[in-house]
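Each chain gets a letter, A, B and so on, in the order its sequence line appears, and its residues count up from 1.
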Number of protein chains: 2
Amino acid sequence: MTTIRDVAKRAGVAPITVSRVLNNAGYVRPETRQRVEQAAAELHYVPNMLAHSFRSHRTNTLALVVTDITNPFWTTVARGVEDVASAAGFSVFFCNTDENEAKQGQYIAALLRRRVDGVLLAPASSNGADVHALQRQRVGVVVLDRRIEGVAVDIVRGDSVDGAFQLVHHLTGLGHRRIALLAGPAGLSVSQERAAGYEQALRAAGLTPEPALLRFGAFTVASGYAMMRDLLAHRPTAIFAANNFIAAGALTVIREAGLRTPEDISVVVFDDLPDPYVTAPVLTVVVQPAYALGRAAAARLLTRLQQPDLPPHELVLPVQMIVRSSTAAPPPPA
Amino acid sequence: MTTIRDVAKRAGVAPITVSRVLNNAGYVRPETRQRVEQAAAELHYVPNMLAHSFRSHRTNTLALVVTDITNPFWTTVARGVEDVASAAGFSVFFCNTDENEAKQGQYIAALLRRRVDGVLLAPASSNGADVHALQRQRVGVVVLDRRIEGVAVDIVRGDSVDGAFQLVHHLTGLGHRRIALLAGPAGLSVSQERAAGYEQALRAAGLTPEPALLRFGAFTVASGYAMMRDLLAHRPTAIFAANNFIAAGALTVIREAGLRTPEDISVVVFDDLPDPYVTAPVLTVVVQPAYALGRAAAARLLTRLQQPDLPPHELVLPVQMIVRSSTAAPPPPA
DNA sequence: CTGAAAGCGCTTACAG
DNA sequence: CTGAAAGCGCTTACAG
């Protein structure tokens, strides 16, 4: 394998000069630079980034740890992260935890061993241990989408309370009084915040939240299906699904029960399903700016790498409701 | 930062002994092992994998380069790869090329610099240059899903010819005579093979392929939409979409044109859209074993890393047709 | 079963 | 603008 030494020999310079050329660091005479570049090309030289990183203590690598790689919300976030990172010369390690705390711990340990410069973490739980472990080793961290407890750290997330409020306010405005919430895991801040927005909107309409109409589960199709099955007996006239996959499960139950949307039951959802998902009906939704969220989080992480002592900051991105054909006035009481 | 040396000092042994404990390599007395492990834990020691890899010439890292990270086919493949890799102690770098040859080249260069042990590549084109570059640097390679030209390399893919034949044969069996193919990029082996299976099935039914009914495009919703718009004037009674995203685009056109499926037009597709995609109608499909494909490819790559001189091998996984409600006999001629 | 010495391929820190 | 020397934190190769 050819090394910087071989290139140096061929170009008639010292290894350190080759290093300067390859890293665009320090002064090199244009002619010297050209001779080095030519020698490198002729030898098919491939820089050894392991040696570089090992010596310089910089890997130019970030990691993005998400909870469900099959959810288009997260793949869209990933594109935002990747675009910002690669423009700044960083590579990104994508990791998928399946909302599993143990898996998350294993990934964090692996990333620490690899000496990534920074981590963007969508935490699988509110437990701050992993963030703490990263900070102890002086790895940059930005928490995505969710809040965690007891740790001072940068956060970038969408406005769940406001989004939930908008959706449920829309439903009460249409005259709905029996609105169910199919929420995510009870322990996550996003679940709690969407439930808070839901209750605020109910109260604003003079309604009292009914425990039987609020279910916690998981951000999966199967969970949406199970929660919706349980709910049918309680005769909701509208459903608020806390994410897109929950909505997909709920819609399957609705279809199987022979109910029509929006005539028999209205449906609203947090997070859109993009184009390729040929949904019917077309859902009233709160859209989080997933791509912008990825970009903002990556940008913040790069800033933190340069200024480690910046005070932690929470960035809450606004969300937007799009009213489509899945919502209408409730059916007249039977 | 604490090093192997600090751990050694605390445990009262030599650094090499710590190395042996951490890597489970060579003989270590159980008591010595325990002392070392305790010292490492007390010091919150995090092994420096950069130093390890740099010295040992092994990174325990693979890369998976796919063409569209938003397509569930590829995320499912990714899970298969990840499961096999992590069981064997390897991490996986996920890279997304967007079917862009230049982006692929950049990723391959970055992976070479990082000295990944092996690469699973779904090539964005039939050009073998990147595979050649990997092989020259003695990086293991397995090509996924598609064939490339002029390079001896392991390949793992689904049976496109057979899958296409099955779908189109199903349509001719129902009585269709005007069957259109919305294919992927003309230069890719998968596109050519699906077109070949399509033509074979037509000929087997005594039909002559009609150039106006075969369109090449891209594996995207937008391309499916555009191709389908162009096709409407040619009055096909059935559509064969070469992948799931093309089908999604075509279905939008069909819906906008006020056509019903399957009454007015039948639709078949290569690659399923999974659960969360609440499609209507439910499509007749050829399913590739995406998860198994990922597993098989990763397993092959691990084998090759251990036996670099194995002759190249092509593994073609069988595919399965599932007949659902999007296909029926063609409407009577107007 | 354990260790002392050398070296992996770069960059840092210092000179000139 | 260029270079000689030292060293990053491990593992290899050899000894005992």
Quick check: on DNA chain C, is the nucleotide nearest B:Arg115 upstream (toward 5') of the one nearest B:Pro30, or the reverse? Name the residue that is more 5'. B:Pro30
Mind checking salt bridge (Lys or Arg N to Asp or Glu O under 4.0 Å) for A:Arg304 and listing every partner two or more places apart, or none if nothing turns up? A:Asp154
Treat a base pair as Watson-Crick or G-U wobble with both distances under 3.5 Å, then lay out DNA chain C in dot-bracket form, 5' to 3', with | for cross-strand pairs. |||.||||||||.|||
What are the bounds, 5' to 3', of the part of DNA chain D that sits under 4.0 Å from heavy atoms of chain A? D:dC1 to D:dG9
B:Asp6 meets the salt bridge (Lys or Arg N to Asp or Glu O under 4.0 Å) criterion, sequence neighbours left out, with none
Spacing of OH belonging to B:Tyr27 relative to OG1 belonging to B:Thr17, to within rounding of 0.5 Å: 15.5 Å
Can you tell me how far apart CG (A:Asp98) and OG1 (A:Thr67) are? Round to the nearest 0.5 Å. 8.5 Å
Please list, by residue number, the residues of residues 47-63 of chain B whose heavy atoms come closer than 4.0 Å to an atom of DNA chain D; answer none if no residue qualifies. B:Asn48, B:Ala51, B:His52, B:Phe54, B:Arg55, B:Ser56
Which is it for A:Arg115 and A:Thr61 under the side chain to side chain donor-acceptor pair (under 3.5 Å) test, yes or no, and what are the steps along the way? CA-CA 8 Å; A:Arg115 300 291 194 266; A:Thr61 307; over 6 Å; no
Judged by modelled atom types alone, do B:Glu42 and B:Gln38 share a side-chain donor-acceptor pair under 3.5 Å? yes
Sorted by number, residues from residues 12-22 of chain A placing a heavy atom under 4.0 Å from DNA chain D are A:Val13, A:Ala14, A:Ile16, A:Thr17, A:Arg20
Sidechain N-carboxylate O distance under 4.0 Å for B:Arg146, B:Glu99: yes
Under a 3.5 Å threshold, yes or no: a donor from one side chain and an acceptor from the other, between A:Asp130 and A:Gln104? yes
With a 3.5 Å cut-off and no angle check, do the side chains of A:Thr70 and A:Asp68 form a donor-acceptor pair? yes
Has the side chain of A:Thr32 got a donor or acceptor atom that lies under 3.5 Å from a matching backbone atom of A:Val28? no
Value for CG (A:Asn60) from CG (A:Asp117), rounded to nearest 0.5 Å, stands at 6.0 Å
Any idea how B:Phe93 and A:Phe93 line up, ring-wise: parallel (<30°), tilted (30 to 60°), or perpendicular (>60°)? parallel
